[in-house]
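Accompanying notes for the structure given below.
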Amino acid sequence: QVQPVESGGTLVQTGDSLTLTCAASGGTFGVFAVGWFRQAPGSRREFVAAISGYTERTYYGDSVKGRATISRDSAKSTVYLQMNSLKPEDTAVYYCAAEPRQMGVPPSKNGLGYSYWGRGTQVTVSI
């Protein structure tokens, strides 16, 4: 059973860039759809980005569109989330999730559409 493992979260300053990594443990992502979500204290989980397995088409949440890039290295079974121009409101625990999807079915932007979840990595953006 594949287990996503996130890394790369840290304390950064406003305007900095950061790359988060999601690696597959216990298996491979193969053609799974992989998504990133985040949750700040007292807030609901929010969709950040997702990448499809077959076409590598990417999808972004409105709050990060233009500032985030999701990519995958299938050989390494790893997915990356690069975020630029970070803001204090980007502070949250970032979670990686994976889900097998049929060809032609886009990744879900709802966390309920994912079966495999990582434990999260903390990103803190200071003013």
Side-chain angles (χ1 to χ4, degrees):
Q1 178 170 318
V2 66
Q3 174 67 51
V5 179
E6 307 94 336
S7 62
T10 188
L11 171 65
V12 297
Q13 295 184 334
T14 297
D16 284 353
S17 297
L18 185 67
T19 298
L20 303 179
T21 299
C22 176
S25 175
T28 66
F29 286 141
V31 292
F32 282 24
V34 178
W36 284 95
F37 293 80
R38 68 186 183 186
Q39 189 166 20
S43 299
R44 299 180 65 178
R45 183 171 56 195
E46 178 187 11
F47 169 73
V48 178
I51 186 166
S52 65
Y54 290 96
T55 64
E56 298 190 5
R57 183 173 177 180
T58 57
Y59 304 81
Y60 298 96
D62 290 340
S63 61
V64 301
K65 200 169 293 183
R67 300 189 297 122
T69 302
I70 187 171
S71 61
R72 66 193 298 160
D73 183 335
S74 295
K76 296 182 179 180
S77 203
T78 301
V79 173
Y80 306 97
L81 178 69
Q82 179 181 351
M83 294 190 64
N84 303 316
S85 302
L86 285 161
K87 309 173 184 180
E89 49 264 44
D90 293 317
T91 295
V93 178
Y94 284 70
Y95 297 92
C96 176
E99 178 70 14
R101 306 284 278 186
Q102 293 182 346
M103 185 180 292
V105 178
S108 175
K109 296 182 180 181
N110 186 323
L112 296 177
Y114 293 83
S115 297
Y116 306 101
W117 286 84
R119 294 183 177 183
T121 186
Q122 175 72 48
V123 173
T124 303
V125 184
S126 66
I127 298 174

task = Hydrophobic side-chain clustering at under 4.5 Å (ILVMFWY, transitive links): who's grouped with Val48? Put none if nobody.
result = Val2, Val12, Leu18, Leu20, Phe29, Phe32, Val34, Trp36, Ile51, Tyr60, Val64, Ile70, Val79, Leu81, Met83, Leu86, Tyr94, Tyr116, Val123, Val125
query = Counting N and O atoms only, with roles assigned by atom type, does the side chain of Arg72 sit under 3.5 Å from a partner on the main chain of Ser52, one being a donor and the other an acceptor?
reply = yes
request  = Name all pairs fulfilling the side-chain hydrogen bond (donor to acceptor under 3.5 Å, both in side chains) condition that reach into residues 1-25, sequence neighbours left out, sorted by first residue then second.
outcome  = Ser17-Asn84
message = Which heavy atom of Ala50 sits nearest to which heavy atom of Pro107, and what is that distance?
response = CB-CB, 3.7 Å
task = Dump the intermediate steps for side-chain contact (heavy atoms from CB on, under 4.5 Å) on Gln82 and Ser71, then the final yes or no.
result = CA-CA 8 Å; Gln82 179 181 351; Ser71 61; over 6 Å; no
query = Is any NZ, NE, NH1 or NH2 atom of the basic residue among Lys87 and Asp90 found under 4.0 Å from an Asp or Glu carboxylate oxygen of the other?
reply = no
ask   = About how many Å separate OG1 of Thr91 and CD of Gln122, when rounded to the nearest 0.5 Å?
value = 7.0 Å
query = Apart from Phe47 itself, which Ile, Leu, Val, Met, Phe, Trp or Tyr residues share its cluster (side-chain heavy atoms under 4.5 Å, direct or through members)?
reply = Phe37, Tyr59, Val93, Tyr95, Tyr114, Trp117
query = Quick one: does Thr121's side chain have a donor or acceptor within less than 3.5 Å of a partner on Gly9's backbone?
reply = yes
ask   = Who else is in Val31's hydrophobic cluster (ILVMFWY, side-chain heavy atoms under 4.5 Å, direct or via others)?
value = Tyr54, Met103
message = Which residues pass the side chain to side chain contact (heavy atoms under 4.5 Å, CB included) test with Ser63, not counting sequence neighbours?
response = Arg38, Glu46
request  = Report the hydrophobic cluster partners of Leu112, with the cluster defined as I, L, V, M, F, W, Y residues connected by side-chain heavy atoms closer than 4.5 angstrom, directly or transitively.
outcome  = none
